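Heads up, the thing below is written out as structure tokens.
All values derive from a computational prediction rather than experimental measurement.
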Amino acid sequence: MNFVGLFQSLDTSQSTNAKRDALIEFIRHADVLESAIAVQALTSRLEKKQRKPSLLKYTANEALVETPWLFEECYATVGDLSETLAILFANPQAKPQTNAPILQQWIEHQTTLAGLKPEVLADALLAQLQEFSKDEAFLFLKLSSGGFRVGVSKGLVHEAIARAIDMDRAVIEERLMGPFVADRNWLQRLQEPVTQNELDARPLPFLLANPITDEEIAALNPQDTLVEYKWDGIRAQLIKTDQTIRLWSRGDQDITEQFPDIVDSAITLPSPIILDGEILAGTPGQLQSFNQLQTRLNRKRITQSLLNTHPTFFKAYDLLRFQGEDMRDQPLAARKAVLETITIQQSPVLRPQRIAEIAAMREAARDLGAEGVMIKDRQSTYGAGRKAGYWWKWKLDPMTADCVLIYAQAGHGRRANLHSDYTLACWNGQDELVPVAKAYSGLTDVELKAMDQWIRKHTIQKFGPVRQVEPLQVFEIGFEGIAASTRHKSGIALRFPRILRWRQDVGPKDADGLAHFHALMTNHHAL
């Protein structure tokens, strides 16, 4: 079986167990280099996207110069760019090759195409697609653009690898947290004995929190918990050995080069050590918003000027490895006790006696730039993923506003035929609506279908796949934070906006104005 055969097995199955079994069979019996590149692709570990969406659209427009509407209509219906091109341009008579290895050859061909000028590349890519079956064309495009939609998570791939080679999944996940080299020795490396240097330098799987329910709050014994703020930053592990200092994100990315200021401040830490914590914008004495932190992300070069205007720091709240000892099997209270002996910024810890103390700390969170509180069992060990009864997050109630729908666009995947992506606006004065948020979630399937019908009947004009609609529908939105922004016409940026409800009881003139958002920024110190 090659990657095309694996894809067909995954794409036609609705069962997670069946997908896992297909992956196990593939890893055990496929060409070892084929399986290595497949794991890279399915877990988003390919080095970079070689083909931008704009180039795929350019290819389609060049091929359909006499019928440009055909691509837009197909894309709006299918919802996936690579799949759209595969349907339009693959050879319908071609049968997919599902046995012989193909990925290494495809990677080499991708590299060749990447070196061509756009107009030449478009012709070469189109000619290649016309030789493929639909599945082959789709996978060939996805190999360079990413985002395979086959219902396979990174965790499921890790589990399949562990079962295929009969090793503990935790060990596999730890070894796959670092850089992944796709070669013929990848499985052999995973099965090698664990060395101390490997333990010291590699990031560890993160322990995640579950949202807390009202029933769980009522059942809590506060004296069995430790409570700290839920900070609005980037979850990361700070790793220091005798040779190196590294920062790893929860998304399994080495982000060390983006935060040289944090690396410099970690020089005095004891080693070897692995800390779990949060990267935050600003300084410990003057916290900045997540919007400011975004300025530092994905930068190829961090200038001294940027370090001066957008400083960052690391706030630690757990100790995973210390002086060569794995601390994860120790109770949280014991890990915290050792952490408190280390000189580094740490998250304040409340040892509550009553639920009311936890609620009061939560109420104070927004004024401190936090999103709520984390409630942690004092005896909890540190495992991978979400562990029931270990950690909970009790977030603040969202800020809210009533906004008017002004634009709509079809969604993707199963929502490709529904206009489910909304641009929402508020009033700037009496007569002007300015966009303040885009929202993609919050309505039920029944409401989405009803809104889709309404949008089609009340479209004023079209801009490609985007419809401008009559400004009549009002939605209450919720969001976690708000900050000033020079990039938006409204002058504000919202954090995690989503629809809370469809306000069919009010009219557009009842929607909120910019003054409402400015008041939220002032009252909640969210700037």
Side-chain angles (χ1 to χ4, degrees), residues 154-155 170-171 173-178 198-210 225-241 244-256 258-259 262-263 265-266 268-281 284 287 290 293 312-350 370-387 389-394:
K154 181 181 291 187
V171 173
E173 287 191 330
E174 287 187 20
R175 292 186 168 188
L176 290 175
M177 286 287 284
E198 182 180 45
L199 289 175
D200 290 342
R202 290 201 171 196
L204 304 171
F206 286 83
L207 175 60
L208 307 178
N210 291 295
T225 68
L226 298 177
V227 183
E228 53 195 317
Y229 289 112
K230 185 181 186 306
W231 300 105
D232 189 13
I234 299 173
R235 181 87 176 271
Q237 289 179 18
L238 175 57
I239 304 167
K240 183 175 185 286
T241 70
T244 187
I245 298 173
R246 301 163 72 189
L247 284 166
W248 279 87
S249 73
R250 202 184 109 191
D252 193 19
Q253 297 292 320
D254 187 337
I255 55 175
T256 308
Q258 297 177 43
F259 300 98
I262 294 178
V263 172
S265 67
T268 58
L269 287 173
S271 63
I273 191 170
I274 300 181
L275 297 163
D276 185 6
E278 203 87 9
I279 295 174
L280 297 168
L287 199 63
F290 186 84
L293 182 59
T312 60
F313 67 100
F314 184 85
K315 188 181 287 289
Y317 48 70
D318 213 330
L319 181 63
L320 310 187
R321 197 180 298 282
F322 184 58
Q323 295 180 341
E325 180 183 358
D326 191 333
M327 305 287 289
R328 291 176 295 170
D329 287 337
Q330 296 191 26
L332 173 64
R335 301 197 305 272
K336 283 285 191 182
V338 179
L339 178 61
E340 289 170 359
T341 68
I342 299 169
T343 304
I344 190 171
Q345 281 294 323
Q346 298 184 30
S347 185
V349 177
L350 173 71
E371 298 180 300
V373 293
M374 300 289 294
I375 304 171
K376 303 179 179 182
D377 188 297
R378 288 178 185 240
Q379 300 303 312
S380 61
T381 56
Y382 193 103
R386 301 185 193 279
K387 303 291 185 181
Y390 278 39
W391 291 5
W392 299 271
K393 52 187 176 183
W394 191 8

(message) Under a 3.5 Å cutoff, is there a donor and acceptor pairing between the side chains of Tyr382 and Asp276?
(response) yes
(message) Show the nearest heavy-atom pair for residues Arg246 and Thr256, with the distance to one decimal.
(response) CA-OG1, 3.3 Å
(message) Quick check: do Leu275 and Leu269 have side-chain heavy atoms less than 4.5 Å from each other?
(response) yes
(message) Does any part of the side chain of Arg202, heavy atoms only, come nearer than 4.5 Å to the side chain of Arg175, both counted from C-beta?
(response) yes
(message) Measuring from atom CG of Leu238 to atom CD1 of Ile262, what distance do you get when rounded to the nearest 0.5 angstrom?
(response) 8.0 Å
(request) Would you please name every residue forming a side chain to side chain contact (heavy atoms under 4.5 Å, CB included) with Thr381, sequence neighbours left out? (result) Tyr390
(message) I'd like to know if the side chain of Gln237 reaches the main chain of Gly277, judged simply by a donor and an acceptor atom lying under 3.5 Å from each other, with no hydrogens or angles considered.
(response) no
(request) With rounding to the nearest 0.5 Å, note down the distance linking CH2 in Trp248 to CG in Asp254. (result) 5.0 Å
(request) Applying side-chain contact (heavy atoms from CB on, under 4.5 Å), run through Val349 and Val227 and close with a yes or a no. (result) CA-CA 6 Å; Val349 177; Val227 183; over 6 Å; no
(message) Nearest 0.5 Å, please: how far is CZ in Arg321 from OG in Ser271?
(response) 13.5 Å
(request) Before accepting this row, confirm whether a basic side-chain N of the pair Asp318/Lys376 lies closer than 4.0 Å to the acidic partner's carboxylate O. (result) no
(message) Any non-hydrogen side-chain atom of Phe206 less than 4.5 Å from a side-chain atom of Arg235?
(response) yes
(message) Quick check: do Lys240 and Ile245 have side-chain heavy atoms less than 4.5 Å from each other?
(response) yes
(message) Please check this pair: side chain of Arg386 against backbone of Ala209, looking for a donor-acceptor N/O pair closer than 3.5 Å.
(response) yes
(request) Taking Arg378 for its side chain and Thr225 for its backbone only, find out whether a donor-acceptor pair lies under 3.5 Å. (result) yes
(request) Can you see which heavy atom on Ile344 is nearest to which on Ala316, and at what distance? (result) CG2-CB, 4.1 Å
(message) Is any side-chain heavy atom of Leu332 closer than 4.5 Å to one of Asp377?
(response) no
(message) Tell me which one of Glu278, Lys336, Arg335, Gln346 satisfies side-chain hydrogen bond (donor to acceptor under 3.5 Å, both in side chains) with Tyr317.
(response) Glu278
(request) Could you walk me through whether Leu350 and Glu228 pass the side-chain contact (heavy atoms from CB on, under 4.5 Å) test, one step at a time? (result) CA-CA 6 Å; Leu350 173 71; Glu228 53 195 317; over 6 Å; no
(message) Tell me the closest heavy-atom pair linking Leu287 and Ala281, and the distance in Å.
(response) CD1-O, 3.5 Å
(request) Taking the side chain as every heavy atom from C-beta outward, state whether Ile273 and Ile342 have any pair of such atoms under 4.5 Å apart. (result) yes
(message) Tell me the closest heavy-atom pair linking Leu319 and Leu339, and the distance in Å.
(response) CD2-N, 4.0 Å
(message) Looking at every heavy atom in both Phe290 and Gly233, which two are closest together, and how far apart are they?
(response) CE1-O, 3.7 Å
(request) Indicate yes or no: at least one non-hydrogen side-chain atom of Leu208 is less than 4.5 angstrom from one of Arg250. (result) yes
(message) Do Ile279 and Ile255 have side chains that approach each other closer than 4.5 Å (heavy atoms only, starting at C-beta)?
(response) yes
(request) Output yes when a side-chain donor or acceptor of Thr244 lies under 3.5 Å from a complementary backbone atom of Thr241, and no otherwise. (result) no
(message) As an exercise, state the distance from OG of Ser347 to OH of Tyr229, rounded to the nearest 0.5 Å.
(response) 9.0 Å
(request) Report the distance from atom NZ of Lys393 to atom CH2 of Trp391, rounding to the nearest 0.5 Å. (result) 12.0 Å
(message) Please find the pair of heavy atoms, one from Gly324 and one from Pro272, that lie closest to each other, and give the distance.
(response) N-CG, 3.6 Å
(request) Just do the side-chain contact (heavy atoms from CB on, under 4.5 Å) check on Leu280 and Lys315 with the steps written out, would you? (result) CA-CA 7 Å; Leu280 297 168; Lys315 188 181 287 289; 3.7 Å; yes
